[in-house]
There are 2 protein chains.
Amino acid sequence: MVRIGRHPATTHAEISHTGLRLFIERGFDQVTVDEIAAACGIGRRTFFRYFPSKNDLPWGQFDDMLRSMREHLDSLPRSVPLRDTLRIAIVVFNRTPPEELQYHRERMTLLLTVPSLVAHSTIRYESWRQVIADFVAERLDTSPSGLLPQTIGWVCLGVSIAAYEQWLKHEDASLSDLLDQGFLAARDLMLLDEPGPR
Amino acid sequence: MVRIGRHPATTHAEISHTGLRLFIERGFDQVTVDEIAAACGIGRRTFFRYFPSKNDLPWGQFDDMLRSMREHLDSLPRSVPLRDTLRIAIVVFNRTPPEELQYHRERMTLLLTVPSLVAHSTIRYESWRQVIADFVAERLDTSPSGLLPQTIGWVCLGVSIAAYEQWLKHEDASLSDLLDQGFLAARDLMLLDEPGPR
DNA sequence: CTTCCCTTCGGCACTGAGTGCCACTACAGT
DNA sequence: ACTGTAGTGGCACTCAGTGCCGAAGGGAAG
């Protein structure tokens with residue numbers, strides 16, 4: 001595939017990194033799109049050609065991750081119970097290479113802290129939930145838009161975000177453990193008369 | 001308490017109703033704040049004194065409902081298992097008088113359909129989840145910000161929204177039933193090897 | 001009725017996100 | 001050089017939201 005026409009002046013990754021650095025340094029609301037564009041050496045108009053909004057910067061290439069999660073889900077054997085399949089897939093999906101850990105932490109802090117980003121994230125979570133719902137629907141041979149798959153999608157999302165919030169609060173905690181504990185908490189709620197803290 | 005100074009020119013309820021009517025007629029994004037203000041016979045500046053943003057119009061007096069849900073939760077006896085207490089409180093909280101049903105439907109359709117509103121709702125959901133989390137924490141004698149109460153808050157929210165989405169799709173369905181079914185779906189996921197559709 | 005004080009109103013000007021339009025720039029192949 | 005093509009970025013515009021401040025109304029004391 002040979003390129004034709006002018007070459008791109010930058011990349012999604014570069015803008016994303018530059019923007020995030022500014023957000024972390026000075027706070028999301030204190031950074032304007034003009035400044036991000038200037039810091040990247042591009043025009044403001046070009047910024048909006050790479051990212052539909054300022055809110056999309058911290059998400060990077062989320063769609064790629066969704067695809068890989070879907071593939072991972074499909075690769076797990078049907079003999080494993082649904083809840084464990086979901087739990088394992090979510091744990092694997094949320095593993096981060098140690099060298100990116102600090103960066104990922106800061107990114108997630110923004111996403112779960114800055115009101116504007118918290119709100120905007122809903123849209124991304126929706127796609128995420130849909131991946132879960134689609135998988136559940138296929139497993140149970142039902143419609144992905146039905147109550148059961150949608151509810152399970154929401155439950156998985158809730159467990160994940162609650163775990164992430166704890167992870168950000170406690171430097172030393174393991175995200176994988178927190179996710180497992182979250183699933184246990186949900187299970188206890190449904191199973192026991194009174195779930196106990198662990 | 002005797003009033004002093006100029007009387008308010010309008011009310012939250014009036015602006016809210018007028019705005020919603022316009023949203024339903026022409027679509028959320030096709031209505032500007034200027035138009036809503038004009039329709040209410042107030043200045044644009046005054047609009048923003050009543051509502052912090054255009055997105056807040058459909059929520060009305062949500063804080064009142066939160067308070068009543070908290071009270072209702074506290075009024076339920078401790079002998080009832082936590083999951084049932086939560087389920088019952090949520091069902092009661094989401095009951096609507098028949099005469100307001102149509103209005104409530106349109107309101108919720110906006111909130112769960114318009115991207116901008118879906119995103120903004122996160123903030124309201126957060127308070128809602130916190131009411132649940134606080135209650136759970138008190139019942140289990142643990143911190144409201146811990147993993148368990150927060151996770152349960154998320155699960156309850158997820159079940160509720162998934163139920164609402166079904167309710168909007170199926171005119172004839174009962175919201176209470178859908179909420180109950182949602183709790184059962186979550187329970188089955190956690191307990192059974194494979195939950196079955198009902 | 002006038003004056004004082006209080007509260008709400010709303011105009012004005014400003015910032016900042018996001019968009020449509022269009023000319024310009026750089027590159028590949030002929 | 002010429003042409004087609006894809007990325008760039010300036011300009012002008014819309015709209016949400018904010019700070020400022022004088023004007024509009026209304027109660028109470030004189």
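Candidate nucleotides dG17(D), dT8(D), dG18(C) were compared by shortest atom distance to the side chain of F48(B), and dG17(D) ranks first. Nearest nucleotide to the R44(B) side chain, out of dT8(D), dG17(D), dG11(C): dG17(D).
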Practice problem: Determine, for nucleotides 21-30 of chain D in 5'-to-3' order, which nucleotides have protein heavy atoms under 4.0 Å from the base (write B), from only the sugar-phosphate (write S), or from neither (write -). | Solution: ---BBSSS--
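Using a 4.5 Å cut-off on side-chain heavy atoms (C-beta onward), V92(A) and H72(A) make contact.
Atom P of nucleotide dG16(C) and atom CZ of F51(A) are separated by 21 Å, given to the nearest angstrom. Between D29(A) atom CG and dA17(C) atom P the separation is 9 Å, expressed in whole Å. Atom pair F28(B):CZ and dA16(D):C1' shows a separation of 10 Å (rounding to whole Å applied). Taking atom CG on D56(B) and atom P on dA16(D), their separation rounds to 14 Å, with Å as the unit. Atom-to-atom, CG of N55(B) to P of dG17(D) comes out at 6 Å; the value is rounded to the nearest Å.
Ring to ring, H12(A) and F51(A) are close: their centroids are under 6.0 angstrom apart.
In this structure, a donor-acceptor pair under 3.5 Å is present between the side chains of N55(B) and S116(B). With no hydrogens or angles considered, no side-chain donor-acceptor pair links T96(A) and E100(A) at under 3.5 Å. D177(A) and Q181(A) are not linked by any side-chain donor-acceptor pair at a separation below 3.5 angstrom, with hydrogens and angles left out of the test. No side-chain N or O of Q130(A) forms a donor-acceptor pair with one of E126(A) less than 3.5 Å apart.
Place P52(B) and P8(A) on DNA chain D by their nearest nucleotides, and P8(A) ends up nearer the 5' end. Each of R45(B) and T46(A) was matched to the nucleotide of DNA chain D holding its nearest heavy atom; the match closer to the 5' end belongs to T46(A). Between T10(B) and T32(A), it is T10(B) whose nearest contact on DNA chain C lies nearer the 5' terminus.
Listed pair Y50(A) / dG7(D) fails the phosphate criterion, with no side-chain N or O lying under 4.0 Å from OP1 or OP2.
As judged by a 4.0 angstrom heavy-atom cut-off over every strand, F47(B) is placed among residues making no nucleic acid contact.
Applying side chain to side chain contact (heavy atoms under 4.5 Å, CB included) to L179(B) and the options I88(B), N94(B), L184(B) leaves one that passes, N94(B).
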